[in-house]
Structure formats: structure tokens, C-alpha cells
Amino acid sequence: MSAPFPHLITSAGWSFTRLSQFLSLAQACRTALDSGAPKCWPVLQGKTVVNLFWEPSTRTRSSFELAARYLGAHVLNFEGSSSSVSKGETLFDTVDSLLQMGVDAFVVRHREDGLHQRLVDTFGAKTAVLNAGEGVSDHPTQALLDVLTLTQQVPLEALKDKKLAIVGDIKHSRVAQANLSLLQTVGIDVHCAGPEGLLSEATAQQFNCPVHRDLAPALKDADFVMTLRLQKERQEQGVIESLEQFTERFQLNHTTLERYAPPHVKLLHPGPVNREVELSSALMDDPAISLIREQVRNGLAVRMAALLVLLHPQPYEVTWV
Ligand code: CP
């Protein structure tokens, strides 16, 4: 089967079949990573991947770089701040210049919503574009790694009978938007909870998900709960009354889970975590409940799969032994 995506810039519009196929590939990557074999599957030898990050990142950027290297590609990490952008060059001229050096894929994080589509419209015939985080609107590889993490607990086909609560700063979170989009394909019952200033009614209506102003109804019967940090870099002043009040009402910790959620509930968080704000340290580090470290490891597998589907002629035929 040939590569199904010319680009990977959105969490919306995935068919169930395509998602299932992609997750199988990502799981194969995860199994290969866990096998203990040398991390060297040179199936993208000769390809060049540029990481173009205009916002900070730890997990996404590192995992895209490692994924490309493990698959044998050349990797260029491009720093906007130390480039000729600081002399007035536009992002599009920067991409065009790098393209002349022979780039097969651009992995781009940027604060501007809609930028990735504009990059595809301009350069998409010459290079693949991967969305590594876009404004407040999308972060598709994060949503894919989150769904992969869910499927390691419950088969994809059975997730439609489960409930997931998303808690915290949903309004300013591209992770929330990305998950709300992709989870439509999965069919899981999604509930949102957070203070009024951090919950967009438009988002709730768009994705037809119940919105709660308290933890209790969101966590009732929840199989999974995903909490999000306060995205201070994107918030207007005064969206929450105080940090203390937010923490008191919406922090996830052992007490809140024991009080409101069933005993089997599992915790997700995309990172970075602000310990003791949206999530207690003890719960974050509780291996019986927290899937956060699994999410990070799955991020590497998902980004290997993403590079394969864009750059390998037969991504689903790759052998891992
Ligand atoms: N979840 C996530 O995107 O983390 P980074 O900002 O560290 O990449």
C-alpha cells in the first residue's frame, strides 16, 4: 500500500479505517522501540527532515528528531531566533531557501492558526508538511499519540463504549482541540470540565460534548481523564479568578479521583505539567493510574509512523526485525 497522506496537518477528517491502519503502524514502531534492538531502521536513508519550531517544545521536537534519526534520515534543527528571520526574512522565504537545499519534510510548530495549510498551499507539491503544533487549533501527532495510548488500554473498536473527561484550560489548548477532533472518529464519549473562562461554548457545540463547571459530573463513570495545564502564554488577563481557586476546584489528585471517578480510571496529560497546579505530583507519578510516561514514549512511535507514511513509498510493508 502506498503512503496515504501527502501531508499531516490536521486531526480532523480521519476515517476510522485510516486511523486504525495508522495506529497499527505506530504500535509496530512502539514494539520495535521496546524490543531492545539497536535503534536503527534505515528505511528513510537519503531523506532530509527539517524541524522548524517557532515556539518552545521538549517532547514533540525531541521525538520528531529521534524518530527521523532512528529511521536513517538526515535531520536539521532550525532555530528561528538565530536565523536570518532576525534580520527581517519572512517565514515563507526561509522555508523556500531551505527547500532549495533539498528538504523532504518540514516539521513545523508555530503560533499562527492556519499557517500549516498556507505552507501546504505554497510548498506542498515539493515537500511534505507535518504539523507539530499550530496556535490554539491543532496538534495532530499529539492527538494520535493520545489515542494510541488509549488503545493500549482498550481496543480501538471498544473505545466507543468508554468515557473520557478533558479537564482544565480547554479554550487555549491545541491539544484539547486536536483530541476533540480526532476522538470524533473514535466515537468515545467526551466530557469537558473547567472554569467558565477556560471553556469555549463554541468548542463544546462544535464537538457536541457536554460541558461541566465542576469535576464531579465529568469524572463520574470516566474511564480516562486528561488534564491540561493553564496555557498562560495564550490567556487573556482575568480568565480565572485565582490560581488557588482553579487548583482547589479542578486539580486532579488522589482525593479527587477517589471521590468522583471509578477505581479503574487512567490519567493522561500531554505535558508539560505544572506540578501541584492542574495535577498533584503524587498522582502524576503514580504508575497504577498515570499513563503520562507511556504518552511520551508513544510520541516517539507516532512520529516514526508519521514520517514513514509521508516519506516511505510502502510504509505498511516496513519490517522491524
Ligand atoms: N505535548 C507537547 O506538545 O509537549 P512539548 O510542548 O514539550 O512538545
Side-chain angles (χ1 to χ4, degrees), residues 8-12 26 29-30 33 49-70 75-81 105-113 115-116 129-150 152 164 166-183 194 198 224-235 252 266-275 277-279 283-285 290-307:
L8 203 173
I9 63 165
T10 178
S11 305
C29 294
R30 171 68 200 256
L33 287 166
V49 176
V50 172
N51 277 329
L52 201 53
F53 277 62
W54 301 78
E55 288 188 332
S57 169
T58 296
R59 283 147 286 269
T60 312
R61 182 172 148 164
S62 307
S63 56
F64 263 119
E65 178 174 353
L66 287 177
R69 290 193 192 283
Y70 291 169
V75 182
L76 175 66
N77 290 313
F78 185 85
E79 295 283 349
S81 57
F106 283 91
V107 177
V108 183
R109 172 172 287 192
H110 199 279
R111 66 177 175 277
E112 185 184 324
D113 293 306
L115 176 82
H116 293 79
V129 179
L130 291 101
N131 185 341
E134 171 185 5
V136 295
S137 64
D138 215 340
H139 192 352
T141 56
Q142 178 69 45
L144 287 163
L145 78 86
D146 290 337
V147 174
L148 178 63
T149 306
L150 298 181
Q152 290 165 350
L164 178 144
I166 304 180
V167 176
D169 187 357
I170 290 161
K171 183 177 177 182
H172 303 97
S173 169
R174 56 187 166 219
V175 175
Q177 296 286 324
N179 269 287
L180 285 163
S181 286
L182 191 64
L183 291 172
L198 300 181
F224 302 98
V225 55
M226 176 187 295
T227 184
L228 305 165
R229 86 185 157 88
L230 295 169
Q231 318 271 310
K232 291 185 190 137
E233 69 275 27
R234 289 190 274 271
Q235 285 176 4
L252 293 185
K266 298 286 186 199
L267 168 78
L268 296 96
H269 191 307
V273 175
N274 290 151
R275 286 177 183 260
V277 180
E278 73 274 14
L279 180 57
L283 185 59
M284 178 179 172
D285 296 331
S290 173
L291 300 176
I292 294 171
R293 289 188 172 84
E294 289 302 305
Q295 286 174 275
V296 176
R297 193 151 176 83
N298 284 332
L300 181 51
V302 157
R303 283 149 191 148
M304 287 170 70
L307 291 171

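Read the numbers this way: they start at 1 and go in the same order the structure lists the ligands and their atoms.
Residue contacts with ligand 1 do not include E55, since none of its heavy atoms lies under 4.0 Å from the ligand. The shortest heavy-atom distance from G133 to ligand 1 is not under 4.0 Å.
Taking only nitrogen or oxygen atoms, main chain and side chain alike, R61 does not reach within less than 3.5 Å of ligand 1. Below 3.5 Å of separation, one finds no N or O of P272 facing any N or O of ligand 1.
Atom 6 (O) of ligand 1 has as its closest protein heavy atom R109 NH1, 2.9 Å. At the top of the distance list for atom 4 (O) of ligand 1, counting protein heavy atoms only, stands R59 NE, 3.1 Å.
For R303 and F64, the positive end sits near the middle of the six-membered ring, less than 6.0 Å away and at most 45° from its axis.
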**Asked** Would R229 and H269 satisfy side chain to side chain donor-acceptor pair (under 3.5 Å), going step by step from the backbone distance to the final call?
**Response** CA-CA 8 Å; R229 86 185 157 88; H269 191 307; over 6 Å; no
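With sequence neighbours left out, the salt bridge (charged side-chain N to carboxylate O under 4.0 Å, His left out) criterion links E65 to R69.
With respect to the salt-bridge test (charged N to carboxylate O, under 4.0 angstrom), the residues R174 and E55 qualify.
Listed here is the closest heavy atom pair of P270 and Q142: CB-NE2, 3.4 Å. Heavy atoms only, all atoms of each residue included: S63 and L300 are closest at O-CD1, 3.5 Å.
Of the heavy atoms in R229, none comes closer than 4.0 Å to ligand 1.
When each atom of ligand 1 is checked for a heavy atom of T58 under 4.0 Å away, the hits are 5 (P), 7 (O), 8 (O).
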